[in-house]
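Notes for the one structure printed next.
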There are 2 protein chains.
Amino acid sequence: MKEGPDIAQIGALIGDPARANMLAALTGGRALTATELAAAGGITLQTASTHLSKLETGGLLAQRKQGRHRYFTLADEAVARLIESMMGLAASRGHLRHQPGPKDPALRKARICYDHLAGDYGVRMLDSLVASGSIDAIGDGLAVTPKGESDLQSIGIDVGSLKSSRRPLCRACLDWSERRTHLAGTLGKALLSNFMEKGWARRMPESRSVVFSPEGERQFLKLFPVES
Amino acid sequence: MKEGPDIAQIGALIGDPARANMLAALTGGRALTATELAAAGGITLQTASTHLSKLETGGLLAQRKQGRHRYFTLADEAVARLIESMMGLAASRGHLRHQPGPKDPALRKARICYDHLAGDYGVRMLDSLVASGSIDAIGDGLAVTPKGESDLQSIGIDVGSLKSSRRPLCRACLDWSERRTHLAGTLGKALLSNFMEKGWARRMPESRSVVFSPEGERQFLKLFPVES
DNA sequence: TTCATACTTCGATCGTAACCGAAGCATTCT
DNA sequence: AGAATGCTTCGGTTACGATCGAAGTATGAA
């Protein structure tokens, strides 16, 4: 009767509110310490410790000891994608953790999703890359064109070197606020890093949101125009 | 602090073993009654009833009353995809419900995934369609080529009429037993229906497995060859 | 060495939810 | 009408796990 993999274990791990909040915090892509995660989950350090060890033995988290700190991250991109897709489903079923507050708009505009740009700006960027012929899209599949390769080179991204990674170059990631896809994978990561190196954008501490400088925003919008 | 959709609710719904088993059973695509689902979950009818109402108010299930029966299905394809992707993650982390038993081989060979063919045969079919140039694949994105459209027409599938559906024509679905993708979407559904109409294959009752007749198997393997 | 910080383990409490027996509706069959 | 089937609701039990205080370990700083 019982056959196949055990969904319930993973579901139960994500099903606890404290753990879910910790996982959501880690979707920000940054490695966080047990103490920070305890705060994110709204629980004491002891409780967080037991939760974290459960998540780790369950294969959802990876940890890295550094001095007397212990840094946790999501185990890999597959976990991040699962979390984001659950967020998408939850949003579409109206399961919200709280009513849209004042901090929400910034988050909807631009935020980190694991290691790449999400939100309105993330979706806009992918749309623009596809419209300009830099990326080929078939459904949810994405691939860089020769034109895209040279365009990206000119803004300081070497696509060739990114290809050597075992992780896929392009990946479509569903955006829960926009309900459309944005660009993930090593290219998505490289683009965001590029913006931050140029000083166009920076991360807000303690949050997933990404803010653009006035000049950075101007450049970004010029680089990724949308017809309409 | 708390922002975005509530993953924990969905996680908790899937996190109970009885509910997880019922959801996995519904991944078979067939509408099942409360009594059947109780058996699938290994619980009594009363308990199943409360579980089912929770799943329904949580937006994971849809129900349809018919006479004195109440038929349940997964709410939509998004839920089915979530379940399958959790199975993939669970399998990759080694969370198995039981050791591979004697009934497993048939299931690994060919089974139903929501409404299309999965397992070894499902993966083989997509590989072959891509190799023959009937389907273009970029990463996880799939699209039918003009050649594919005429090839499919010749075996009795009208791609044009399938396109009118709101649901995507082609969709890559991760296969948890093969760890590769197979073909979902309306085309995946149409192909499986086609095989069953021709008498090549039929579903086993009370199971997700699909068995081919000797003749059907011969035809299938001839239609979808693999180079090796 | 001593103190402080970061985290884990132990032990006990407490709440929730899964569970089933029994009774209650609703629908269909005879 | 009465009987049977399919499912839901109620009530009470039980068990599991989330929680935190307190004590224990490890790393680094003074």
Side-chain angles (χ1 to χ4, degrees), chain A residues 1-2 6-26 30-73 95 97 206, chain B residues 1-2 6-26 30-58 60-73 95 97 205-206:
Chain A
M1 188 64 70
K2 315 229 176 298
D6 185 8
I7 307 178
Q9 286 191 32
I10 294 187
L13 284 174
I14 304 177
D16 179 80
R19 283 195 293 256
N21 285 332
M22 292 193 280
L23 288 168
L26 286 170
R30 203 175 244 164
L32 298 174
T33 66
T35 312
E36 289 169 321
L37 287 167
I43 48 181
T44 63
L45 183 57
Q46 311 92 291
T47 318
S49 181
T50 68
H51 281 315
L52 290 169
S53 70
K54 281 177 192 173
L55 287 170
E56 200 204 346
T57 60
L60 298 188
L61 293 187
Q63 60 158 310
R64 178 174 96 229
K65 262 184 109 162
Q66 203 168 94
R68 56 182 159 179
H69 293 277
R70 176 158 294 190
Y71 285 96
F72 291 87
T73 53
H95 299 319
R97 279 191 290 185
E206 319 273 329
Chain B
M1 189 64 72
K2 316 228 177 298
D6 187 6
I7 307 176
Q9 286 190 33
I10 294 187
L13 284 174
I14 303 178
D16 179 80
R19 283 194 293 257
N21 285 332
M22 293 193 279
L23 288 168
L26 287 169
R30 200 175 247 164
L32 297 174
T33 65
T35 312
E36 291 169 318
L37 287 168
I43 47 180
T44 64
L45 184 57
Q46 310 92 292
T47 317
S49 180
T50 67
H51 281 315
L52 289 168
S53 71
K54 281 178 192 174
L55 287 170
E56 200 205 346
T57 59
L60 298 189
L61 293 189
Q63 60 157 312
R64 181 175 92 227
K65 262 184 111 162
Q66 204 167 97
R68 56 182 159 179
H69 293 276
R70 177 158 294 191
Y71 285 97
F72 291 87
T73 53
H95 299 318
R97 280 191 289 185
E206 318 273 328

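Chain naming here is simple, since letters A, B, ... match the order of the sequence lines and numbering starts at 1 in each.
For the atom pair CD (Glu56(B)) and CG (Leu13(B)), the distance works out to 12.0 Å, reported to the nearest 0.5 Å. The distance from atom OG1 of Thr47(A) to atom CG of Asp16(A), rounded to the nearest 0.5 Å, is 10.0 Å. To the nearest 0.5 Å, atoms OG1 (Thr73(A)) and CZ (Arg30(A)) are separated by 13.5 Å. Atom OG1 of Thr35(B) and atom NE2 of His69(B) lie 8.0 Å apart (nearest 0.5 Å).
Straight-line distance from the NE2 atom of His51(A) to the P atom of dT9(C): 15 Å, rounded to whole Å. If you take CG of Leu52(A) and P of dT19(D), they are 12 Å apart, rounded to a whole angstrom. Going from atom OH of Tyr71(B) over to atom P of dT27(C) covers 16 Å, rounded to whole Å. dA6(C) atom C1' lies 13 Å from atom CD of Gln63(A), rounded to whole Å. Summarising the geometry, the separation between CD1 on Ile14(A) and P on dG17(D) is reported as 17 Å, rounded to the nearest angstrom. As a whole-Å value, the separation of Leu55(B) CG from dT8(D) P is 12 Å. Following rounding to the nearest Å, Phe72(A) (CZ) and dA6(C) (P) show an atom-to-atom distance of 14 Å. Here the C1' atom of nucleotide dA17(C) and the CZ atom of Arg19(B) are 9 Å apart, to the nearest Å.
Each of Leu32(A), Leu60(A), Leu52(A) was compared with Phe72(A) under the side-chain contact (heavy atoms from CB on, under 4.5 Å) criterion, and only Leu52(A) meets it. When each of Ile14(B), Leu23(B), Leu26(B) is tested with Leu55(B) by the rule side-chain contact (heavy atoms from CB on, under 4.5 Å), just one qualifies, namely Leu23(B).
Considering every non-hydrogen atom in both Glu36(B) and Ala31(B), the closest pair reads OE1-O, 4.4 Å. When every heavy atom of Ala48(B) is checked against every heavy atom of Ala34(B), the shortest pair comes out as CB-O, 4.4 Å.
The shortest side-chain heavy-atom distance between Ile43(A) and His51(A) falls under the 4.5 Å cut-off.
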| note | With B for base contact, S for sugar-phosphate-only contact and - for none (protein heavy atoms under 4.0 Å), nucleotides 20-30 of chain D reads BBB----BSS-
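The shortest distance between the side-chain N/O atoms of Lys54(B) and the OP1/OP2 oxygens of dA17(C) is not below 4.0 Å. Contact between the side-chain N/O atoms of His69(B) and the OP1/OP2 oxygens of dT28(C) is not found at any separation under 4.0 Å. Put simply, Arg70(B) has no side-chain N or O that comes within less than 4.0 Å of OP1 or OP2 on dT27(C).
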Are any protein N/O atoms closer than 3.5 Å to N/O atoms in nucleotides 13-16 of chain C? If there are, list each pair with its distance.
none

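Looking at heavy-atom distances under 4.0 Å, Ser53(A) makes no contact with the nucleic acid at all.
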